[in-house]
There are 2 protein chains.
Amino acid sequence: MTKQRKVILEELRKHGSHPTADQIFEKVRKRLPRISLGTIYRNLDLLVSEGLIRRLRGDYPQMRFDPRTDEHYHITCLNCGRIEDAPVEPLHDPIKNLENVVGHLTKYGVFGHKLEFVGFCSECLKKGVAKGLSPEAKEMAS
Amino acid sequence: MTKQRKVILEELRKHGSHPTADQIFEKVRKRLPRISLGTIYRNLDLLVSEGLIRRLRGDYPQMRFDPRTDEHYHITCLNCGRIEDAPVEPLHDPIKNLENVVGHLTKYGVFGHKLEFVGFCSECLKKGVAKGLSPEAKEMAS
DNA sequence: TTGAGTGCAAAACATTTGCACTGAT
DNA sequence: ATCAGTGCAAATGTTTTGCACTCAA
């Protein structure tokens with residue numbers, strides 16, 4: 001656990017959301033001005049393989065990083081890319097059951113699932129982002 | 001609907017899985033040798049906004065394209081990136097209910113969800129990919 | 001004839017990597 | 001003194017874009 005890795009972990013944990021590598025870079029840079037983006041990526045990779053954080057990919061082009069490692073769901077704003085933890089408990093029983101069915105039918109070894117809710121965050125709603133979207137468009141966006 | 005767009009749509013529909021733009025490019029190229037990758041991307045974008053196909057992003061670095069536009073789930077192999085349709089019906093009632101709860105608590109306007117099962121496909125299992133993975137590692141991978 | 005759409009090449013962007021150097025042990 | 005880890009810069013891989021040209025209506 002080098003000084004850099006420690007600061008990266010701290011800044012991710014206090015970020016409160018699910019930042020990109022670049023957003024973490026900007027925060028860490030304020031404390032370690034000479035750190036490079038390569039070091040950010042290398043340490044995030046390390047932290048992921050140590051199981052201290054998680055890497056997320058979903059309906060957005062960049063990787064996001066998550067300080068929580070317990071199973072939980074996310075909700076993504078399709079307009080601004082904001083990601084928040086979904087404040088609900090995982091739907092364990094019905095979905096684990098589906099995992100078994102899917103594993104059996106596809107011959108995959110299934111060991112998990114990801115559930116992502118999609119919509120528009122309250123700020124984007126205020127800006128009227130969803131106004132012009134028909135139900136079809138909304139479905140498309142998802 | 002130009003000739004290029006038509007061929008791209010046809011090749012996606014007969015692909016049988018969830019190809020990347022580049023995989024579609026290779027197929028289309030056999031029929032339209034002078035087509036460019038830019039045209040592939042532009043037409044896939046158009047087809048997505050027309051609601052004729054879907055763009056997927058999940059636990060893999062590249063965009064994937066899906067000829068199906070009805071709501072359904074996917075299962076991804078974390079080793080080789082293969083994506084298949086999950087052969088189960090969407091868990092409508094319990095998850096739509098969760099959408100309402102999440103929307104209420106987060107103030108998001110929620111209009112959909114994505115469920116992705118993760119695991120290893122049968123071919124990767126045969127290769128022994130999962131052998132060395134502890135339950136923790138599997139969880140991490142997810 | 002004309003402009004929506006194309007082909008091509010360059011740009012943009014996120015992420016990874018090679019390498020010489022540094023600093024904690 | 002050593003070498004795991006860093007900083008830097010270049011490379012990589014995917015997706016987007018500017019621009020001149022083409023071809024179907």
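Computed from a predicted model, the values in this text were never measured in an experiment. Order of the sequence lines sets the chain letters (A, B, ...), proteins ahead of strands, with each chain counted from 1.
Going from atom CG of B:L37 over to atom C1' of C:dA11 covers 14 Å, rounded to whole Å. Computed from coordinates, the A:F25 CZ to D:dC8 C1' distance equals 11 Å when rounded to whole Å. The separation between A:Q4 atom CD and C:dA24 atom C1' is 11 Å, rounded to whole Å. Distance CZ (A:R57) to P (D:dT14): 12 Å, rounded to an integer number of Å. Following rounding to the nearest Å, A:I40 (CD1) and C:dT15 (P) show an atom-to-atom distance of 13 Å. Separating the CD atom of B:Q62 from the C1' atom of C:dA14 is a distance of 13 Å, rounded to the nearest angstrom. Computed from coordinates, the A:K6 NZ to D:dG5 P distance equals 17 Å when rounded to whole Å. Atom CG in B:L44 sits about 10 Å away from atom P in D:dT15, given to the nearest Å.
Classification of A:E10 and A:R13 as a salt-bridged pair fails, no side-chain N sitting under 4.0 Å from a carboxylate O. A salt bridge does not link B:R68 with B:D66: none of the charged nitrogens is closer than 4.0 Å to a carboxylate oxygen. Between A:R5 and A:E50 a salt bridge is recorded (basic side-chain N to carboxylate O distance below 4.0 Å). Salt bridge absent: B:K30 and B:E11 never bring a charged side-chain N and a carboxylate O closer than 4.0 Å. Between B:E99 and B:K96 there is a salt bridge, since at least one side-chain N of the basic residue sits less than 4.0 Å from a carboxylate O of the acidic one.
Counting non-hydrogen atoms under 4.0 angstrom, A:N43 reaches the backbone sugars and phosphates but no base. Counting any heavy atom pair closer than 4.0 Å across all strands shown, A:I35 reaches sugar-phosphate atoms only and no base atom.
Side-chain proximity of A:T2 to the nucleotides D:dC8, D:dG5, C:dT16 is greatest for D:dG5. Here D:dT16 is the nucleotide among C:dT16, D:dT16, D:dG7 with the atom lying nearest to any side-chain atom of B:D45. Of the candidates C:dT15, C:dA24, D:dT15, C:dA24 carries the atom nearest the A:K3 side chain, counting heavy atoms from C-beta on.
If B:R64 and A:G38 are placed on DNA chain D by their nearest nucleotide, the residue sitting closer to the 5' end is A:G38.
For C:dT15, the OP1/OP2 oxygens have a side-chain nitrogen or oxygen of A:Y41 closer than 4.0 Å. In this model, the phosphate group of D:dG7 is approached by a side-chain N or O of A:T39 to a distance below 4.0 Å at OP1 or OP2.
Donor-acceptor pairing under 3.5 Å, judged by distance alone, is present between the side chain of B:R42 and the base of D:dG18.
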